[in-house]
Amino acid sequence: MKLQGQIALITGGSRGIGRATALAFAREGADIAFCHLNDGAKADETAAEIAALGRRALHRSVDVSDIAASKAFAAEVAAAFGPVDILFNNAGMNIRKPFEAYTEADFDAIVGVHLKGMFFMAQALYPAMVARGSGCIINVASQRGLKGAVNSAVYSAAKAGIMGLTRALAWESTPKGVRVNAIAPGPIDTDLTATMDAADRQAFIDALPIGRFGKPEEIAATALLLASPEGAFYVGATLSPNGGDVMY
Ligand code: NAD
């Protein structure tokens, strides 16, 4: 197994991409700690599936935009499971509006979960990774951070920031044994995209070379590549499984 005996901390692990990644990592031998936001029933289901794979699971409702709460969760996980080997920095949400309608509160909420939340969760775990000379951090960005999107100015800006953070941290962390990369998914069928207007969704599909939304498992496969020994040469990279939405 590719992640035998490793400890993974996944933010936003109760459903969607985080859940699929939790199960992919557990299948490869990792114990999984994850947080979510007030999603206890789905979190219990995910934890039961991890346990059925023979791995330990621990979950809490922790708002990743609350830095003190994130740091407390990171410390709790290390005390319960031991040092964290892999951080899958994934928790996210969006507020869709025209540019001129965004308020400062909207801006702070979106940037708080994505850019600030990912920055400080990584910071909470990084010193212990450096002390051990090994670790893997995977930040979930978006194709919207690469090409932008209507009604998602703050989200797109935050996701572009996450790719910048990934590259900056990788310069510092790689000589210390900590690999940092990002994933920029295209449109994936999860609760996040389930609220899209049907006409908008069809227009999106019509514009995609692959002609469909992706599945959470297709992002989990990329996460597993980056976390496993086969991904060792990726440094500060942004991998974008996106059905052809952005080609580069
Ligand atoms: P989802 O809505 O299915 O799951 C989101 C997860 O994040 C849930 O576990 C939720 O409880 C958690 N969460 C939300 N806000 C939180 C907070 N403040 N603190 C802690 N946990 C919080 O969404 P998803 O589609 O699986 O999204 C996962 C990541 O992938 C996000 O970062 C999202 O921006 C990114 N992404 C998704 C798509 C897509 O099309 N679905 C595309 C590109 C990027």
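Each ligand, and each atom within it, is numbered from 1 in the order the structure gives.
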(Q) Can you see whether Phe81 has Arg56 sitting over its ring - NZ or CZ less than 6.0 Å from the centre and within 45° of the normal? (A) yes
Within a distance under 4.0 Å of any heavy atom of [X], pick out the atoms of ligand 1 and give their elements.
X: Ile17; answer: 26 (O), 30 (O), 37 (C)
X: Asp191; answer: 2 (O), 3 (O)
X: Ala141; answer: 44 (C)
X: Val113; answer: 18 (N)
X: Thr193; answer: 39 (C), 40 (O), 41 (N)
X: Pro187; answer: 40 (O)
X: Asn90; answer: 28 (C), 29 (C), 30 (O), 31 (C), 32 (O)

Honestly, for Phe213 the part within reach of ligand 1 (heavy atoms, under 4.0 Å) is neither
- prompt: Any N or O of Val64 that comes nearer than 3.5 Å to an N or O of ligand 1?
  reply: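 Yes, Val64 has an N/O under 3.5 Å of an N/O on ligand 1.
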Compute the shortest N/O to N/O distance between Gln143 and ligand 1 and return yes if it is under 3.5 Å, no if not. no
Should the pair Phe88 and Phe25 be assigned to parallel (<30°), tilted (30 to 60°) or perpendicular (>60°) ring geometry?
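If you compare the ring of Phe88 with that of Phe25, the planes turn out perpendicular.
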For the rings on Phe204 and Phe213, is their centre-to-centre separation under 6.0 Å? yes
Option of least heavy-atom distance to [atom] (set: [options]):
atom: atom 13 (N) of ligand 1; options: Ala91, Ala109, Gly112, Gly117; answer: Ala91
atom: atom 35 (C) of ligand 1; options: Ile188, Ile183, Val140, Asn89; answer: Val140
atom: atom 15 (N) of ligand 1; options: Gly145, Gly92, Gly40; answer: Gly92

Looking only at protein heavy atoms, what sits closest to atom 24 (P) of ligand 1 is Thr190 OG1, 3.6 Å
